[in-house]
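Every heavy atom of this structure was used, including side-chain atoms; hydrogens, water molecules and symmetry mates were not.
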Amino acid sequence: MTAEPAAVIDSLPEFKPSLYKPDSIAPCLSIKEFPYEKFMASWSVVASTLPLWRSRKNVRLTYDPIEGTPISEAFLDTVTYNSAKDSKGKKPSKILGADYLQSIQVSVDGQKAAKEGGDVEHSNGTRWKWRGKGWLAIATSHWQVLGYHIDGGDDDWVVIYFGKSLFTPPGMDILVRNPEKFDKAKVKTLIETCQSNEDENVKKVSQGFYDVARDE
């Protein structure tokens, strides 16, 4: 096998992800620009800081539209996972919930208004309040996107940040659309980028990243 010419190697695209601090008003995180339709998909959690996933594997988050509701305002949230001790192929456990956009509120006359005081279209459109269903109906948490690459392909990734809740400490997940094809070196770069975030709390939390197990 011959080595690739230096000119070819130098031309390979360099992976430099952009990650923002929590509550950022970066345009790519706005209601106007965030790709909600392509975000409605099944994502694998490949790295996390949350203690919840240390004893689990095959963690997937699946987002689906709610009939009659704009996906920019709310969507269904299904979490599936196995215990780390489960045999390969065992039916996963499931947590059902829904996510509600926190960047907007509805005024008395029914008009939407941005909580930040600006226009809705350009406010942060990636901050959600999760509420569980069934016996978890009393459980809530707040989470938001810090950065992403979403075009519907195997290189898609999302970094999400969770605020402290009744059940969990602040935490972060790295999601990818296709864990079999997503370059592990990119996961490492995403973690390093989190650890150099301008927000001190994100820096601190991201020191605790670990790989989330999955069956090959």
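- In this structure, the side chain of Q102 does not engage the main chain of H142 through any donor-acceptor pair within 3.5 Å.
- Taking SG from C194 and CD from Q207, the interatomic distance works out to 10.0 Å, rounded to the nearest 0.5 Å.
- Counting only N and O atoms by type, the side chains of S165 and S141 include no donor and acceptor under 3.5 Å apart.
- Looking at heavy atoms from C-beta onward, F162 lies out of side-chain contact with P170 at the 4.5 angstrom threshold.
- Residues I31 and S123 form a side-chain contact, since some pair of their non-hydrogen atoms from C-beta on lies under 4.5 Å apart.
- Follow the hydrophobic side-chain contacts under 4.5 Å out from L96 and you never reach L61; the two are in separate clusters.
- With D155 contributing its side chain and F182 its backbone, the two residues share no donor-acceptor pair below 3.5 Å.
- Between V205 and T49 the shortest heavy-atom distance is O-CG2, 3.4 Å.
- When all heavy atoms of Y36 and G125 are compared, the closest pair comes out as OH-O, 2.7 Å.
- Between N178 atom CG and D156 atom CG the span is 9.5 Å, to the nearest 0.5 Å.
- The ring of F75 has its center closer than 6.0 angstrom to the ring center of W128.
- K188 has a carboxylate O that lies under 4.0 Å from a charged side-chain N of E192, or vice versa, which qualifies the two as a salt bridge.
- S44 and R60 share a side-chain donor-acceptor pair at under 3.5 Å.
- For the pair R177 and W43, the cation sits on the ring face: its NZ or CZ lies under 6.0 Å from the ring centre, inside 45° of the axis.
- Taking the centre of each ring, Y148 and F39 stay at or above the 6.0 Å mark.
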Chi angles and distances behind the salt bridge (Lys or Arg N to Asp or Glu O under 4.0 Å) call for K38, D151: CA-CA 7 Å; K38 291 181 178 178; D151 65 9; over 6 Å; no

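- Across P169 and P51, no two heavy atoms sit closer than the pair CG-CD, 3.9 Å.
- Note that K186 lies in the cation-pi zone of F15, set by a 6.0 Å cut-off to the ring centre and a 45° limit from the axis.
- By the 4.5 Å heavy-atom criterion applied to side chains, P17 and T189 are counted as neighbours.
- Here Y161 contributes atom OH and N201 contributes atom CG; the two are 3.5 Å apart, rounded to the nearest 0.5 Å.
- In this structure, V145 and R127 have side chains that are not in contact, with every pair of non-hydrogen atoms separated by 4.5 Å or more.
- I66 and W130 are assigned to two separate hydrophobic clusters, defined by single-linkage of ILVMFWY side chains at heavy-atom distances under 4.5 Å.
- Under a hydrophobic clustering in which Ile, Leu, Val, Met, Phe, Trp and Tyr are joined whenever their side-chain heavy atoms come within less than 4.5 Å, directly or via other members, L76 and I71 fall into different clusters.
- The two atoms that bring N82 and P92 nearest to each other are ND2-CA, 3.6 Å, heavy atoms only.
- In this structure, CD1 in I150 is found 10.0 Å from SG in C28, a value given to the nearest 0.5 Å.
- Classification of R214 and E180 as a salt-bridged pair holds, one side-chain N sitting under 4.0 Å from a carboxylate O.
- Using modelled atom types, one side-chain atom of N197 and one backbone atom of D199 make a donor-acceptor pair closer than 3.5 Å.
- Between K94 and T78 the shortest heavy-atom distance is CG-CG2, 3.7 Å.
- With rounding to the nearest 0.5 Å, the separation of OG1 in T80 from NZ in K91 is 11.5 Å.
- When all heavy atoms of W53 and S48 are compared, the pair lying nearest together is CD1-OG, 3.5 Å.
- Ion pairing of D86 with K57 is absent here, as no side-chain N (NZ or NE/NH1/NH2) approaches a carboxylate O to less than 4.0 Å.
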Steps toward side-chain contact (heavy atoms from CB on, under 4.5 Å) verdict (D173, L50): CA-CA 8 Å; D173 281 346; L50 295 170; 3.9 Å; yes

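- Annotation: K203, atom NZ; neighbour count of heavy atoms from other residues, nucleotides and ligands within 6.0 Å is above 12.
- W157 is not listed as a side-chain neighbour of L175, based on a closest heavy-atom distance of 4.5 Å or more.
- Looking only at side-chain heavy atoms (C-beta outward), V159 and M172 come within less than 4.5 Å of each other.
- D99 and W143 are linked by a side-chain donor-acceptor pair at a separation below 3.5 angstrom, with hydrogens and angles left out of the test.
- The side-chain heavy atoms of I191 and I174, taken from C-beta on, include a pair separated by under 4.5 Å.
- Counting heavy atoms from C-beta on, the side chains of K129 and T140 come closer than 4.5 Å.
- Checked by atom type and distance alone, the side chain of K88 pairs as donor or acceptor with a backbone atom of E216 at under 3.5 Å.
- A cation-pi arrangement is present between R54 and Y210 under the rule of less than 6.0 angstrom and at most 45 degrees off the ring axis.
- The cluster map of Ile, Leu, Val, Met, Phe, Trp and Tyr, joined by side-chain heavy atoms under 4.5 Å apart, puts F34 and Y100 in different clusters.
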